[in-house]
Structures are given as C-alpha cells and as structure tokens.
Amino acid sequence: MARIAVCLFNLGGPDQLEAVKPFLFNLFNDPAILSLPQPFRTMLAWFIAKRRAPVAKEIYKKIGGKSPLLEETQAQSAALEAALKQRFPHDSFRTFIIMRYWHPLAKDVAQHIHQFAPDKIIYLPLYPQFSTTTTASSFSQMDHFLSTEERSKKTSICCYPVLPAIIEAYCALARPHIEEAKKHGRPRILFSAHGLPQKVITQRKDPYQSHCEQTAQALRSAIAHVLALSGEPCDESDMINTYQSKVGPLAWIKPSTEEEIRRAGKEKRPLVILPIAFVSEHSETLVELDIEYRELADASGVPYYARVPALGCAPQFISGLADLVAQACTSPTVLFFPHSCCGEAWQACPCAASIRGS
C-alpha cells in the first residue's frame, strides 16, 4: 500500500474581518508580488496593508465578513480524496490544503505531512494557469518546509489550462446562462481572469496570459460545438478573453473586463461572464463580478447580465483532478501535457524546462 500526499494549493483569504490586514501584509510581503529587497519590501507591505485594509473589510462585509475560499477548498479536497480512494482502494491517499497567505499555512501543514510519512508527494495547484505570482510562489514556499528526502518524492502538476475535464465542466455550467441570454439578443461571452501587470509577463517569461488565452480558445471551440449540435449556433468572435481586478498605476494585461462590459452596454449586447481562472468562489467572483460589475453593466445599459459559477465540486472537474493525480503517481518531477502548454517562450513554468530537457 502506497501512501500518497496530495498538496492542494490556493491563495487563501481572511477568515474574519480582523484577519484582513495581516492577510494583505502576507500577500504584499511575498517577493513574487513585490520584488523589492528587504527591509523595504516588508515596510511597503505594511504600508499597503494598512491603507487597503478598510476598503477590503467593506468588500468582505458584503459576503459575510470573511472569505469562503477555505470552505470551498475543503469541499474540493474531500471530493478529490473520495474519488482517489474509490479509484485506488489499495493505496492510501490524503489531501492537504495549503494556503499561501492565510491559514492553513505551509509551515503548519508541513508538520502533518511529516507525520503522514508519504511515499509520494504530489503538488496540485488550484490555479489551472501557471503564474510566478501564484503557482511558483506556493510551490517555493512549500519546498522550504519539506525535508530533502520529502522533496525527492515530489511530482509537481504545474499547469493544466486546457484540461478536457475543465472545459467540459465550464461548458455544462455556462450553457443554461447562454440559452437565457439569447432571449435578450445576441449574447457576448466574457472569459474573465484575474489580471496581472504586463511587466510580470514580459520580464519573468510568465506564461499566465498565454495559458488564459489557451483556456479561452478551448472554451470557444467547445461552446460553439455544443451549441451547434443543439441547433443554436454561436459565433466564436462573440467570446472574448478578458482580465479583471486591476489596481495601481502600472499597465496591466488586456482587454479589461470593465471595458468590455461598457462596450457591450453601448452595443446593447446581453452578457455572460465565465470566470476561467477561479475554480472556487471568493471575493473576485462574489463581489467584483456579482455586485460591482453587475452594477457597472446596469449603468452601462447591458440588457442582460449573468455570471457562470466557479467550478467548485463539479463532477467533471473533480474527475479531471483525479486524472492528473493518477498520472502524477507514475511521473517523475513534473507532469506536463504532451502538446506543451508553455513552449520555449515561457521559461518560468517547470514544464517548459522539462520539455527543453527532454
């Protein structure tokens, strides 16, 4: 019987209003977010956290005074562990949730992994699209708390932006909203992902934008195919990849979700928003998309606005994650797609290095 630890990574979120400021400090004190030398990074992180905490608290008050991300991830963890135990009844799988900026933190979870004494450790980020600001940061932090022997047993699933199970799950979740939107005109579908400063992509060879575009293209083809089979043709040009959550003065990757909402209002096009980089509900979906962008859509004259739910525990999604874990059980070091999601241009992702070395 093999003992296999599956590490599920996510960003985390404050579990009460008093946690908002320290959560923000942890976020901005990450060198992957603010690439400043110490002690300047810590000083600036405290300044930003103090300045942003009041606004952030108001955001979390709108969704019950805390982030639902941990509970969402716990449900996904339980569903994945059950699926793995059903597939592999003779092995012992245990899932461990590791949050980057709030509890459960890597240093605490590492102790539980030590006690489990696994034969294999699998890193599985709940970020389908790789970025240095999310996946790489989470992996690096966890590596710090594992022993040399434990790291030698590790396989990383670094990215899975076009995993067929994800595309299938998104199509199933999106279809009823698209059908309803058609009652109000020719709908436009926005595949919205969290944005990043443009310099992160160019300076770090970060594949995040490329991965989001790959997800969006796979969804365009799949949604158009599903609707065509049912006699409801949909033009792929009506499906646009966009980015949300811009803050600060830096140039961010485009097009902006806000700009596309305003354009849809001018053209009186019904909108369906599909969050392609958020597999769980949290403030960016429940507040930004559901409240703030809905208000923007109403003010801009959008005749119909719908938001597709995050993947959550959608059966196809959980099954897809189980497929990845099953492949990782027999893969050394890094599991990557044969067609290469990254290629030579995006050197930050581990699978790109693996492909170059193969």
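- Each side-chain hydrogen bond (donor to acceptor under 3.5 Å, both in side chains) pair with one or both residues in residues 264-278, not counting sequence neighbours, appears once here: Arg188-Glu267, Asp238-Arg269, Arg263-Glu267.
- Although no hydrogens or angles enter the test, the distance criterion places a donor-acceptor pair under 3.5 Å between the side chain of Thr285 and the main chain of His282.
- A donor-acceptor pair is defined here as one N or O able to donate and one able to accept, closer than 3.5 Å; such a pair exists between the side chain of Asn26 and the backbone of Tyr101.
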Please list every donor-acceptor pair under 3.5 Å in which a side-chain atom of residues 243-252 meets a protein atom from a residue at least two apart or in another chain.
from, atom 1, to, atom 2, distance (Å)
Tyr243, OH, Asn241, ND2, 3.0
Gln244, OE1, Ser192, OG, 2.7
Gln244, NE2, Glu284, O, 3.3
Gln244, NE2, Glu288, OE1, 2.9
Ser245, OG, Glu288, OE1, 2.6
Ser245, OG, Glu288, OE2, 3.4
Lys246, NZ, Gly248, O, 2.8
Lys246, NZ, Leu250, O, 3.3
Trp252, NE1, Val247, O, 3.4

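- With hydrogens and angles ignored, the 3.5 Å screen pairs no side-chain donor or acceptor of Arg3 with any backbone N or O of Phe93.
- A salt bridge links Asp323 with Arg87: at least one charged nitrogen is closer than 4.0 Å to a carboxylate oxygen.
- Applying the salt bridge (charged side-chain N to carboxylate O under 4.0 Å, His left out) criterion to Lys66, with sequence neighbours excluded, gives Glu71.
- A salt bridge links Arg262 and Glu258; the closest N-O separation between the charged side-chain nitrogens and carboxylate oxygens is under 4.0 Å.
- Of the possible polar contacts, none joining the Lys107 side chain to the Phe145 backbone as a donor-acceptor pair under 3.5 Å is found.
- Between Asp30 and Arg100 there is a salt bridge, with a side-chain nitrogen of the basic residue lying less than 4.0 Å from a carboxylate oxygen of the acidic one.
- With a 4.5 Å cut-off on side-chain heavy atoms, Thr73 and Met99 count as touching.
- Side chain of Ser319 to backbone of Gln316: no donor-acceptor contact under 3.5 angstrom is found.
- Side-chain contacts under 4.5 Å among hydrophobic residues (ILVMFWY), followed directly or transitively, place Val302 together with Leu190, Ile240, Ile261, Leu271, Ile273, Leu289, Tyr293, Leu296, Tyr305.
- At least one side-chain heavy atom of Ile166 sits under 4.5 Å from a side-chain heavy atom of Phe317.
- Salt bridge Lys120/Glu150: absent, no basic N to carboxylate O contact under 4.0 Å.
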Taking distance alone, no hydrogens or angles, what donor-acceptor pairs closer than 3.5 Å link side-chain atoms of residues 52-59 to residues at least two apart or in another chain?
from, atom 1, to, atom 2, distance (Å)
Glu58, OE2, Lys61, NZ, 3.1

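- Using modelled atom types, one finds no donor on one side chain facing an acceptor on the other under 3.5 Å when comparing Thr132 with Tyr208.
- Using a distance-only test at 3.5 Å, with no hydrogens or angles considered, a donor-acceptor pair links the side chain of His114 to the main chain of Ala110.
- The CE atom of Met142 sits 13.0 Å away from the OG atom of Ser137 when rounded to the nearest 0.5 Å.
- Counting only heavy atoms from C-beta outward, the side chains of Asp108 and Gln111 never approach each other to under 4.5 Å.
- Side-chain contact between Leu219 and Ile276: present, with at least one pair of heavy atoms (C-beta onward) separated by less than 4.5 Å.
- Asp15 places none of its side-chain heavy atoms less than 4.5 Å from the side chain of Leu70.
- Between Phe25 and Trp46, the gap from one ring centroid to the other is short of 6.0 Å.
- Listed for the Ser131 side chain is a donor-acceptor partner under 3.5 Å among the backbone atoms of Thr133.
- Following chains of ILVMFWY side-chain contacts shorter than 4.5 Å, one cannot reach Ile253 starting from Ile33, and the two form parts of different hydrophobic clusters.
- Note: Tyr127 and Phe9 fail the aromatic proximity criterion, with ring centroids not under 6.0 Å apart.
- Smallest separation of non-hydrogen atoms from Pro275 and Tyr170: O-OH, 3.0 Å.
- Not less than 6.0 angstrom separates the ring centroid of His112 from the ring centroid of Phe116.
- Nearest heavy atom pair, residue Leu34 against residue Phe28, reads CD1-O, 3.2 Å.
- Every residue meeting the ring-ring contact (aromatic ring centres under 6.0 Å, His included) condition with His184, not counting sequence neighbours, appears here in chain and number order: Tyr304.
- Glu295 contributes no side-chain N or O that, together with a main-chain N or O of Asp290, makes up a donor-acceptor pair within less than 3.5 Å.
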